[in-house]
Amino acid sequence: MAAETLKSTSGAGGAAAVRRVLLDNGALTALIVLVVALSALSGDFLTTDNLLNIGVQAAVTAVLAFGVTFVIVSAGIDLSVGSVAALSATVLAWSATQHGVPVALAVVLAVATGIAAGLVNGFLIAYGKLPPFIATLAMLSVGRGLSLVISGGSPIPFPDSVSHLGDTLGGWLPVPVLVMAVMGLVAAFVLGRTYLGRSMYAIGGNEEAARLSGLRVRKQKLAIYALSGLFAAVAGVVLAARLSSAQPQAADGYELDAIAAVVIGGASLAGGTGKASGTLIGALILAVLRNGLNLLNVSAFWQQVVIGVVIALAVLLDTLRRKAGAAPVAGASQGGKGRQAVTYGLAAVVTVAVVGATSFLHGGSSAAANPRIGLALSTLNNPFFVQIEAGARAEAKRLGVDLTVTDAQNDASQQANQLQNFTSSGVDAIVVNPVDSDAAGPAVRAADKADIPVIAVDRGVNKAATKALVASDNVAGGELAAKTIAGKLGGHGKIVILQGQAGTSAARERAQGFAQGLKAYPGIEVVAQQPADFDRTKGLDVMSNLLQAHPDVQGVIAANDEMALGAVKALGSKAGKSVQVVGFDGTPDGLKAVEAGTLYASVAQQPSQLGKIAVDNALTALKGRKTEQTVKVPVKVVTRDNVAGFSG
């Protein structure tokens, strides 16, 4: 009986120990499961190139997240890191390329910009008594606005000497991965070995107790948020170096990824717990998820759902860990650190063993029967690009081509990641609709180096070789829109212009066309020009505001149909009668409005034809045949007179 009791107790103790290890290392366990699962599901996942891609794609998020870790450990929040990263990179590029500041000094200015933004956050929180959420939300807006003001809404080429941060060392080790490792070690040192790090845990655990114990809480908060700004500046420089340009809209939404990485890594939003290694694992989980889902051709929309579920599960795990009395992650004794090192070592051994076994699943797989083409679109939140996708899919199906489509959500960095994934997975050809022509250059050059033909659609790629550009002329289309509205108004009248998203090449080129076209009509007065970001709701809001200042406006030019339809809604009964509206793109909703008479005209680009012709040219290039360097799909002004016979 005694022996049976002892045996039962030992078994229970073993189960409890395993359970505790899993709870204490939930993020690591999740990362191992993801790596093993994706290795089994995709033969393209477990390659050296792809694993290095994952490291590069995790680098910016990880560096941002290391800075956010300091803030969350101290029971704060920083929503401004993405905007501060963009602002710091813009300051560097602006000062070095447009004002002749030495590059070394420009880098110092960029880092100082990040620290200054962090100090402002810290001052507002510590001395102004603003909630961290509000103070950093304000800085999010200020930082992004200043980035747009400094750059004029256009990307600024990065100095060549700094762009090397996006290259590799020795031809194989990506510099962003090296920067991530260095910043991770700095974060771990600050958290574990410095007075400031101990202060973070004390403030996050109980701020009042920390104050009563003699800790200068307000000064510590200044330092904490300044550190977060410094890390954001470094991340911004690395991101801009990868894209070879400072994008004023770069890192938009990255603050949420950074916070998610910290929480997934085991930190609590209540403060007092968190560590750099956990944050790194959290950033890797996000990068592995996105990379693997791209390789498995999972819809970009479902990718957002999956990542949201992972974040929710991470918070749930944190709750379970606390209820189960799992070991805190704030700090550990030497013995605890030793056990943690052993755990990480065992995890690495198990991962290598299981992944090695699953690799045999793909060892004998034959090459795909059908050609594989990757289509990287700038966004699928706009009907124009949805039509490009539809045309490409229909043509791919007709030709027996396997087409994988990705959605960059107007994020140049995310598109660079997707293009790298295409290259590492060995697709036969790539069709890219760039978010920005400069930012797509490095990733397209990498594809070219791998002998993968690239076709650009709608927008070209700068400083990279593409087999063909399939596009309408945005500048010519803009001129056509201007001449159409001027002709309808008889060459005289007041108009407003709704511009596209600042920083995108389509917005710049169409605005240029509007300006050139209106030069021939001195009787047309442009009373206002405002961006509405290619969005129907923003078009409605901006037009409603402009009508308050300019109720006598007689015409509207919008850089796409979505904004034009928003303007039509704001104008109400005036649309098509006392106020004429011209859109751009020829989307189905836009053409319906033209037919109804509320939209006077749309400069139609035939987007489905763009997608079809791009796939045709990709297959032609894949077969080694010559393609035309530029394939122009003509634009056409569609009015009520000819809309019935028009097909996009």
Chemist: Applying side chain to side chain contact (heavy atoms under 4.5 Å, CB included), name anything that partners A376, two or more places apart in sequence or on another chain.
Modeler: T406, Q415, L419, F422, V432
Chemist: Would you mind writing out the side-chain donor-acceptor pairs for residues 487-499 within the sub-3.5 Å range, not counting sequence neighbours?
Modeler:
unit_1, atom_1, unit_2, atom_2, d
K494, NZ, D552, OD2, 2.9
Q499, NE2, Q529, OE1, 3.2

Chemist: State, yes or no, whether a side-chain contact exists between Q387 and P588 at a heavy-atom distance under 4.5 Å.
Modeler: yes
Chemist: What I want to find out is whether E595 reaches K592 closely enough, with some N-O distance under 4.0 Å, to be called a salt bridge.
Modeler: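 Judged by the 4.0 Å cut-off on N to carboxylate O distance, E595 and K592 do not form a salt bridge.
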Chemist: Decide, yes or no, whether a salt bridge links K623 with D428 under the criterion of side-chain N to carboxylate O below 4.0 Å.
Modeler: no
Chemist: Within the 4.5 Å heavy-atom criterion, are N410 and Q249 side-chain neighbours or not?
Modeler: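 Answer no - side chains too far apart.
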Chemist: Between K538 and D533, is the closest basic N to carboxylate O distance under 4.0 Å?
Modeler: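 Yes, this pair counts.
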Chemist: Does atom CD of Q98 have more than 12 heavy-atom neighbours from other groups under 6.0 Å away?
Modeler: yes
Chemist: Is the charged tip of R510 near the ring of F584: under 6.0 Å from the six-membered ring centre and within 45° of its axis?
Modeler: yes
Chemist: Could you tell me whether a side-chain N or O of N433 sits under 3.5 Å from a main-chain N or O of S378, the two making a donor and an acceptor?
Modeler: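 Yes; at least one donor-acceptor contact below 3.5 Å.
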Chemist: How long is the gap from OG1 on T587 to CG on D561, to the nearest 0.5 Å?
Modeler: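 If I round to the nearest 0.5 Å, the distance is 4.0 Å.
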Chemist: Enter the distance from S151:OG to I156:CD1 here, rounded to the nearest 0.5 Å.
Modeler: 5.5 Å
Chemist: Mind checking the CD-CG spacing from Q605 to N560? Nearest 0.5 Å is all I need.
Modeler: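 The CD atom of Q605 sits 10.5 Å away from the CG atom of N560.
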Chemist: Against I430, only a single residue in I373, T423, V444 fulfils side-chain contact (heavy atoms from CB on, under 4.5 Å); can you say which?
Modeler: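 Single side-chain contact (heavy atoms from CB on, under 4.5 Å) partner of I430 among I373, T423, V444: T423.
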Chemist: I'd like to check the side chain to side chain contact (heavy atoms under 4.5 Å, CB included) partners of T620; sequence neighbours left out, ordered by chain and number.
Modeler: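 Counting only residues at least two positions away or on another chain, T620 forms a side chain to side chain contact (heavy atoms under 4.5 Å, CB included) with R625, T627.
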